[in-house]
Amino acid sequence: MKATLTLKKNLHLKGLAMGLAAAMAFGLGSADALAKDINSRIIRFGYGLADTSPTGQATRFFAEEVAKLSDGKMKVKTYGNGALGSDEQMQSALVGGSQEMTFVSTAPLAGMVKGFGVFDLPFLFDDEKVAYAVLDGKPGQALLDALPAKGLIGLLYWENGFRDLTNSRHPITKASDIEGIKLRVMQNQVALNVFKALGANAIPMPFTELFTALETKTVDGQENPLSTIQTSKFYEVQPYLTLSHHVYTPFVLLASKKWWDGLTADEKQVIQEAAKTSQAYQRKISQEGNVKAMAFIKEHGVQIDTFSAAEKQIIRDKVKPVVEELRDAIGPDTIDAVVKAAAEAQKGA
Ligand code: TK8
């Protein structure tokens, strides 16, 4: 009799243990979240792109991941279309602690960490794979590591993408066609000097002011990836597009350090895990978005041109002196590390 009771008790305990193990193994949120030190939080995540953009979609994916991993306790509220300000204004809001998260292009960050200006140098990366190898490797991490001293946590890189030129004046098929174009550029010394070297009348301007500036012809042109040209509706006021792919701009997924330092270790882990899962998703839909945007822009009557290899070489030659001059403005070690890592990644491709 006694033996049977013991056997039953053991079987019962074993069943319980297996049930809990299964719950943990299948990551059933509630078992995990309850066991973790996670508080109810609202996270304000502002960004400049249209909420219909692929990266706008990625912020909602990120919000769902955070909710899943925190059992709904950490709620990310996303605000697209520049609703919370320009990249520069949101960077400052994170430093001050009045906003928790954003993604911004590396160009505006160069004002805080000069090394981020390296990504505004033309023709650095042959394709996205090379860019990911550099960004997710030591050179990219070294730049993120410089952000906490400025009040920002650089979680990882998302993709803005290869930039293409649009304008409302005339087709641009040769390097010399850029001369005299009033071209909006992102607000840093590298982007400004590079396009001045190409003869453009380069005008630094926040992204949030760009559509109106194009519509009112305050500027003739701009440069951004295809999915931005579509979703921010630049194609409506830019009849000429040149597939220049002249610069690859990364986004940095940022958190406010003031806010971050107040999170528990488990809450930080939720954000970091969600960021990592979202990176693969964001890069995938970013590339898919550019393919869709190309077809969309073509259908909407925009004239699409390209630069020949010879014209691209003329561009490289024209900006070479400026790139040399900018070595100090960016940091020679950063430039050399990025160029070396890109060459290695390209060889391994
Ligand atoms: C969006 C910007 C934009 C960037 C620019 O907030 O400013 O042209 O390419 O994507 O970060």
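When a ligand or atom number is given, it counts from 1 through the structure's own listing order.
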With salt bridge (charged side-chain N to carboxylate O under 4.0 Å, His left out) as the test, would you mind laying out the steps for Lys320 and Asp317 before giving the verdict? CA-CA 5 Å; Lys320 206 167 169 50; Asp317 295 344; over 6 Å; no

Out of all atoms in ligand 1, which are within 4.0 Å of some heavy atom of [X]? Include the element for each.
| X | answer |
| --- | --- |
| Gly48 | 6 (O) |
| Arg163 | 5 (C), 8 (O), 9 (O) |
| Phe251 | 10 (O), 11 (O) |
| Ser105 | 2 (C), 3 (C), 4 (C), 9 (O), 10 (O), 11 (O) |

Counting only heavy atoms not in Lys196, do more than 12 fall under 6.0 Å of its NZ?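 No, because the 6.0 Å sphere around NZ of Lys196 holds 12 heavy atoms or fewer from other groups.
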
So with a 6.0 Å cut-off around NZ of Lys182, is the heavy-atom count from everything else above 12?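 For Lys182, atom NZ is crowded (more than 12 foreign heavy atoms under 6.0 Å).
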
Under 3.5 Å between any N/O of Asn160 and any N/O of ligand 1: does that happen in this structure?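 So ligand 1 has an N or O lying under 3.5 Å from an N or O of Asn160.
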
Should Asn224 be counted as touching ligand 1, given the test is an N or O pair under 3.5 Å? yes

Among protein heavy atoms, which lies nearest atom 6 (O) of ligand 1, and at what distance?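 Nearest protein contact, heavy atoms only, for atom 6 (O) of ligand 1 is Asp87 OD1, 2.5 Å.
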
Would you say the side-chain atoms of Arg163 pair up with the backbone N or O of Val247, donor to acceptor, closer than 3.5 Å? no

Checking Tyr157 side chain against Gly140 main chain: does a donor-acceptor pair fall under 3.5 Å?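 Pair found, side chain donor or acceptor close to backbone of Gly140.
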
Cut-off 3.5 Å, side chains only: do Gln141 and Lys138 have a donor facing an acceptor?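 No, no side-chain donor-acceptor contact under 3.5 Å.
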
Run down the list Gln187, Met205, Gln222, Arg184 and name the one with the heavy atom closest to atom 5 (C) of ligand 1. Arg184

